[in-house]
Amino acid sequence: MRDSFGRTINYLRLSITDRCNLRCSYCMPAEGVPLKTCADILRYEDFLRIVGVAADLGIRKVRITGGEPLVRKGVLGFLQQVAATPGIEELALTTNGLLLAETARDLKEAGVQRLNVSLDSLRPDSFASITRGGSLATVLKGLEAAEAAGLQIKLNMVVMRGVNDQEILPFAALSLEKPWSVRFIEFMPTLQEDGWQRKVVSGAEILAQLNQQYSLREIPRGHSCGPARQYRIAGAPGSVGIITAISDHFCGSCNRIRVTATGLAKSCLFNDEVLDLKPFLQGDKSELAKGLQQVIGQKPARHQLDSEKQKPAGFSMASIGG
Ligand code: SAM
C-alpha cells in the first residue's frame with residue numbers, strides 16, 4: 001500500500017487503552033488525562049477487524065501500545081489473535097515495563113517478538129520523579145524477565161535537558177552488557193508548553209557525547225531499526241540508536257499509521273486530521289478498507305515541528321500511543 005508520496009505503508013500502531021499506571025511528566029499532566037468511558041474504547045474484536053483489513057491492505061507489522069497496554073484486561077488473548085492474523089509477520093509491544101515481570105513469558109507465548117520498554121532514568125530517585133512515583137526496581141525486574149523469556153528488547157529513553165541528559169553515557173553503557181538496542185529519543189512537544197525547544201537535546205549533541213566516550217560504528221539500516229540511526233560501540237552485543245524526530249525528521253521513510261483506543265485513525269502523530277473508524281466497523285469490510293485507504297491517502301509529506309514558531313501539539317502521548 002503506497003501513500004500519495006510513494007511511501008510504502010506497512011506498519012500499524014494500535015493504542016488499546018488510554019489508561020496508564022504511570023504519570024510521566026513529559027507525557028501527561030500530573031492529574032492525568034481525561035479518560036474515555038469504556039463505551040468509547042474499541043472492543044478487542046473491533047481492533048481485530050481493523051488488523052485483519054489492514055493486513056489485507058499490506059500491513060505486516062503491528063505494534064500494540066497505549067496508555068499502558070498491559071493494564072488492559074484480556075490483553076494476552078488479544079495479542080495471540082493479532083499474531084495469528086494472516087499477513088501479520090511482526091508483533092511488537094511498547095510498555096513502561098511495570099507489569100513485565102509477571103507477563104513476559106506469556107507475552108512471548110502469545111506471539112510478541114519485540115518489546116520497546118520506555119525507561120528514562122537509571123537512578124531510582126530521578127526515575128520516580130520523571131514518572132511521578134514509578135519504581136525503577138520493578139522495571140528492572142521486568143527487563144530481566146523479558147530477557148529470560150527470549151523477547152528482543154529496545155529501551156527508549158526520552159532525553160530532556162536538565163532532567164536526564166547527564167545519563168546518556170550510562171544508558172549507552174548498557175549496550176556493552178546486554179544485547180539490547182538502547183535508543184535516545186528527542187523530546188517532542190505534545191503538552192501545551194512554552195519554551196519547549198530548550199528541553200530538546202538534539203541527536204547531534206547526543207551523538208557528540210557518545211563519540212567522545214566511545215568508538216562507534218554506524219550499523220546499516222535494517223528493517224527493525226525503525227526511525228533510529230543505529231550504532232554499535234566497539235565490542236558491544238547491543239546497539240545504540242538516536243531518534244531525531246525534531247532536528248532531522250525521518251518523515252520521508254515513515255511507513256506507519258496509528259489507531260487510537262477510541263478508533264481514531266491518524267496518519268501522522270503531529271497532524272490534526274483523523275478519521276473516526278467506528279462507523280466503518282459495523283458494515284462491510286470493504287468500507288473499513290476504504291476508510292483506511294483514505295487515511296493513508298491523507299498522510300502529509302512531513303511534520304512541521306522543527307519550526308521555531310510551531311506551537312506544542314496539545315495532546316498527551318498516552319492518548320495516541322507515543
Ligand atoms: N505506556 C507505554 C510506555 O510507557 O512505553 C506506551 C505508551 S507511551 C505514551 C509511548 C512512548 O511515548 C514512550 O516511549 C514515551 O517515552 C513516549 N513519549 C511520551 N511523551 C513523549 C514526548 N513528549 N516526547 C517523546 N516521546 C514521548
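Note that the structure is predicted; figures quoted are calculated from it, not measured. One-based numbering along the sequence shown. Quick note: numbers below take in every heavy atom, side chains included, and nothing from hydrogens, waters or symmetry partners. For ligands, and for the atoms within them, numbers begin at 1 and follow the listed sequence.
- Proximity of Gly67 to ligand 1 is established by a heavy-atom distance of less than 4.0 Å.
- Polar contact check, Thr65 against ligand 1: no nitrogen or oxygen pair lies under 3.5 Å apart.
- A side-chain N or O of Thr37 and one of Asp40 form a donor-acceptor pair less than 3.5 Å apart.
- Considering backbone and side-chain atoms alike, Thr94 places every N or O at 3.5 Å or more from each N or O of ligand 1.
- For Leu22, no heavy-atom contact with ligand 1 is shorter than 4.0 Å.
- In this structure, a donor-acceptor pair under 3.5 Å is absent between the side chains of Ser247 and Ser202.
- Partners of Phe171 by ring pair (Phe, Tyr, Trp, His ring centres under 6.0 Å), not counting sequence neighbours: none found.
- Atoms of ligand 1 lying under 4.0 Å from any heavy atom of Asn96, numbered from 1 in the order shown and given with element: 2 (C), 3 (C), 4 (O), 5 (O).
- Considering backbone and side-chain N/O atoms, Ile185 never comes within less than 3.5 Å of an N/O atom of ligand 1.
- Looking at residues two or more places apart in sequence or on another chain, you find a side-chain contact (heavy atoms from CB on, under 4.5 Å) between Ser25 and Ile130, Arg132.
- Between Glu186 and ligand 1, no N or O atom pair is found at a separation short of 3.5 Å.
- With hydrogens and angles left out, the side-chain atoms of Gln298 and Ser267 include no donor and acceptor closer than 3.5 Å.
- At distances below 3.5 Å, not a single donor-acceptor pair connects side-chain atoms of Glu68 with backbone N or O atoms of Thr95.
- The residue among Lys154, Met188, Met28 with a heavy atom at the shortest distance from atom 23 (N) of ligand 1 is Met188.
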